[in-house]
A.B. asks: 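A single structure is presented below for examination.
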Amino acid sequence: MQQISDDVLREYEHLKDALNQHNHRYYVLDDPSVPDSEYDRQMRELQAIEAQYPGLLSEDSPSQRVGGKALESFTQVRHTVAMLSLENAFSDAELEDFDRRVKDRLNYAAQKNPTEIEFACEPKLDGVAVSLLYENGQLVRGATRGDGSVGEDITANVRTIKSIPLKLRGDNIPSLLEVRGEIYLPRPGFDALNAKAIAAGEKTFVNPRNAAAGSLRQLDSKITASRPLEMCAYSVGQFEAEVTPDSHTHMLETLGGWGFKINEHVVAVMGIAACEDYYSAMAERRDQLTYDIDGIVYKVNNLALQQRLGFVAKAPRWAIARKFPAQEEMTKLLDVEFQVGRTGAITPVARLAPVFVGGVTVSNATLHNGDEIKRLGVCIGDTVIIRRAGDVIPQIAKVILEKRPEDAQQIVFPERCPVCQSSVKRAEGEAVARCTGGLFCGAQIKEAIKHFASRKAMDIDGLGDKLVELLVDAGSIYSVADLFELNVDQLLGLERMADKSATNLTAAITASKETTLAKFLYSLGIREVGEATAQTLANNFGSLEAVIEADAEQLLDVDDIGPVVAKHIVNFFSNPDNLSIIQALRESGVNWADIDQNAQASQPLKGQTWVLTGGMEIMSRAEAKDRLQALGAKVAGSVSAKTSQVVAGPGAGSKLTKAQSLDIPVLDEAGFLEYLNRLG
Ligand code: IVH
């Protein structure tokens with residue numbers, strides 16, 4: 001037996017506690033307490049002690065989260081308390097039926113003062129159910145649900161999930177505790193996993209749930225360890241303890257105290273009407289969550305009442321899941337069309353048999369590019385899974401090969417532009433193939449004009465996409481400069497164009513002539529020059545002439561402009577056609593005020609990065625962004641250590657939490673407006 005000094009033992013226990021504490025702060029509370037470098041240093045010290053004294057190593061050591069030897073197979077586990085599933089409700093009416101059944105069973109009507117039932121409301125996490133068994137505070141087993149009676153032993157895999165405590169924390173640790181919950185893969189981790197798979201030419205996962213299930217089914221726990229899985233606790237199975245919470249929400253609080261992650265949106269409400277409000281509120285926030293949820297679970301909160309209500313065959317009578325509209329559905333790929341964009345990019349678009357998914361009827365989905373078609377291995381005639389989450393454009397997530405018909409047709413990427421017949425080229429290293437027709441191509445002309453007229457560009461009210469197409473098809477305009485020559489008579493010649501709309505449109509075209517340098521630069525549609533880059537160019541160069549004259553070197557000197565963007569800008573302004581269009585626009589009266597380069601005071605936020613999150617009630621988000629950019633700030637989409645300031649409105653979620661954990665100053669909308677006022 002190796003001698004271990006008291007000092008080493010003390011140091012070892014200290015490191016274990018410290019690392020467990022850091023893990024808990026980071027993975028359970030989303031509130032890191034030390035920088036990663038400090039965590040890594042302590043972990044290395046712990047591992048060094050364990051290497052020197054292998055006898056010390058126990059299963060609850062934080063070093064054991066990396067996975068161990070691969071298994072031959074999973075062993076079966078019989079659940080002492082069956083793992084049930086939930087009944088589903090698909091409408092408010094079905095939810096109200098549930099409330100009525102609960103009240104009837106509890107004989108509420110017969111009570112003197114019938115009250116409402118208190119329900120716990122929680123998101124229905126879209127992952128994989130798990131059972132975790134703790135004996136005297138130590139994790140001894142993790143198991144899948146299986147058929148509810150018998151599951152599989154996945155202990156080695158669950159040990160690698162950092163939000164699962166290996167050892168319970170706090171007081172009143174139960175002698176026996178079986179915690180149930182959901183293991184899931186948050187979206188950012190899922191996207192990263194799929195991006196890696198695409199880069200390696202491997203198959204991607206259809207959705208985070210499948211990825212979580214696949215990650216848990218690994219016999220090699222090192223693979224599980226490499227997936228950023230999380231676990232939230234939502235109920236208990238076996239439970240032998242001194243503490244006896246009286247409600248479900250108290251039980252969750254107790255579990256939280258023992259170190260489990262509890263979903264941040266769990267609340268208790270009185271009555272089913274409040275449950276319906278919770279549903280609507282969460283349905284609206286669903287897309288802002290960083291993880292997938294497929295509905296809301298309602299549970300009678302009082303545990304004594306739960307006991308009285310009991311179970312039917314496979315589900316409790318005291319709980320129900322109200323499902324959200326599905327975000328994935330099956331449908332048929334009828335055809336593929338190739339669309340030509342503003343920069344000539346050719347995008348394959350799937351025409352689908354209409355299907356209701358993510359709350360809308362979808363009949364088109366993008367296929368992105370030729371590589372995506374290859375990766376999916378999709379043919380015309382195939383049955384496919386369509387996914388539409390939030391406002392994200394619908395995607396084909398997977399092909400169901402078993403359903404491929406015999407007459408399925410290969411998709412052939414065109415070698416000539418479907419609109420102007422020019423050749424199609426794919427630059428080396430680029431995924432996108434482009435029409436080489438430039439402004440000969442009717443499609444590119446149309447898209448350039450649509451972009452020019454759009455709200456964030458020249459903002460020509462009433463000049464929608466359809467109208468642009470009609471005008472180009474009628475031969476009334478060939479370039480953006482022709483817009484300013486349009487007269488009411490030409491417009492009246494178009495389909496369904498009435499007197500009043502024609503007059504309004506010419507007035508809107510005239511009004512759009514007063515613009516800003518940033519908007520004008522953006523409206524030119526230079527490749528890779530979005531709103532933010534256009535603003536940066538305007539701020540840094542002050543005038544159009546200066547931007548036109550800038551060479552690549554000068555452009556590269558500007559923060560946020562890299563070699564690719566610089567190259568596109570130089571190319572754009574070295575094309576005489578583009579310069580003559582700009583000249584014509586100026587001659588038609590398009591104008592803006594140049595930015596005085598010496599007036600630094602007009603750019604008091606230069607060098608700062610701001611993030612807007614949550615709702616805004618007084619000022620629109622677009623306006624807030626414009627104001628900030630005009631003051632010189634960069635407006636970013638995510639919070640990092642480099643963020644200078646966050647503006648958080650109602651409903652702000654993870655970005656706000658992150659800002660708080662990084663000690664980044666946060667303003668609410670009122671504070672923000674006051675701040676702007678002060679800047680003048
Ligand atoms: S409670 C006896 N709560 O949904 C009650 N389940 O369709 C057992 N799920 O197998 C479940 N989030 O995997 C409960 N907050 C939540 C949940 C949840 C997701 C899953 C769970 C269950 C399935 C039932």
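Start at 1 and go down the list; that is how both ligands and their atoms are numbered. When a residue number appears, it is its place in the shown sequence, counting from 1.
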A.B. asks: Checking side-chain hydrogen bond (donor to acceptor under 3.5 Å, both in side chains) against R387, which of E329, Q395, E328 comes through?
C.D. replies: E328
A.B. asks: How close does the nearest protein non-hydrogen atom get to atom 18 (C) of ligand 1, and which residue and atom is it?
C.D. replies: Y234 CE2, 3.5 Å
A.B. asks: Given side chain to side chain contact (heavy atoms under 4.5 Å, CB included), test H22 with M43 step by step and report yes or no.
C.D. replies: CA-CA 11 Å; H22 302 329; M43 180 61 88; over 6 Å; no
A.B. asks: If the contact criterion is a heavy-atom separation under 4.0 Å, does A315 count as touching ligand 1?
C.D. replies: no
A.B. asks: Nearest protein heavy-atom contact for atom 3 (N) of ligand 1: which residue, which atom, what distance?
C.D. replies: K299 NZ, 3.0 Å
A.B. asks: Any idea which protein heavy atom is nearest atom 8 (C) of ligand 1, and the distance to it?
C.D. replies: L84 O, 4.0 Å
A.B. asks: Do ligand 1 and L125 have nitrogen or oxygen atoms that lie under 3.5 Å from each other?
C.D. replies: yes
A.B. asks: Should the proximity of K124 to ligand 1, defined as any heavy atom under 4.0 Å, be assigned to the side chain, the backbone, both, or neither?
C.D. replies: both
A.B. asks: Do side-chain atoms of R145 reach the backbone of M83 as a donor and acceptor pair under 3.5 angstrom?
C.D. replies: yes
A.B. asks: At the 4.0 Å heavy-atom cut-off, does M83 count as touching ligand 1?
C.D. replies: no
A.B. asks: Is there a nitrogen or oxygen of R145 sitting under 3.5 Å from a nitrogen or oxygen of ligand 1?
C.D. replies: no
A.B. asks: Are R317 and V312 close enough, and set up right, to give a side chain to side chain contact (heavy atoms under 4.5 Å, CB included), and what steps lead you there?
C.D. replies: CA-CA 6 Å; R317 286 202 189 85; V312 285; 3.7 Å; yes
A.B. asks: Atoms of ligand 1 less than 4.0 Å from P123 heavy atoms?
C.D. replies: 12 (N), 15 (N)
A.B. asks: Using modelled atom types only, decide if a donor and an acceptor are shared between the side chain of N301 and the backbone of T249 within a distance under 3.5 Å.
C.D. replies: yes
A.B. asks: Go through S58 and K16 one step at a time and tell me if the side chain to side chain contact (heavy atoms under 4.5 Å, CB included) criterion holds.
C.D. replies: CA-CA 11 Å; S58 64; K16 261 170 59 171; 3.4 Å; yes
A.B. asks: With Y234 as reference, evaluate E182, H248, K124 under the side-chain hydrogen bond (donor to acceptor under 3.5 Å, both in side chains) test and give the passing residue.
C.D. replies: E182
A.B. asks: With side chain to side chain contact (heavy atoms under 4.5 Å, CB included) as the criterion, how do V378 and I373 come out once you've worked through the C-alpha distance, each side chain's angles and the decisive distance to 0.1 Å?
C.D. replies: CA-CA 6 Å; V378 62; I373 295 177; 4.2 Å; yes
A.B. asks: Should you measure from each heavy atom of E122, which atoms of ligand 1 turn up under 4.0 Å away?
C.D. replies: 3 (N), 15 (N), 16 (C)
A.B. asks: Side chain to side chain donor-acceptor pair (under 3.5 Å) between E178 and S131: does it pass, once the steps are laid out?
C.D. replies: CA-CA 6 Å; E178 183 196 358; S131 145; 2.8 Å; yes
A.B. asks: Is there a heavy atom in P316 that sits closer than 4.0 Å to ligand 1?
C.D. replies: yes
A.B. asks: Judging by distance only, is a nitrogen or oxygen of E182 under 3.5 angstrom from one on ligand 1?
C.D. replies: yes
A.B. asks: How far is atom 5 (C) of ligand 1 from its nearest protein heavy atom, and which residue and atom name does that atom have?
C.D. replies: L86 CD2, 3.8 Å
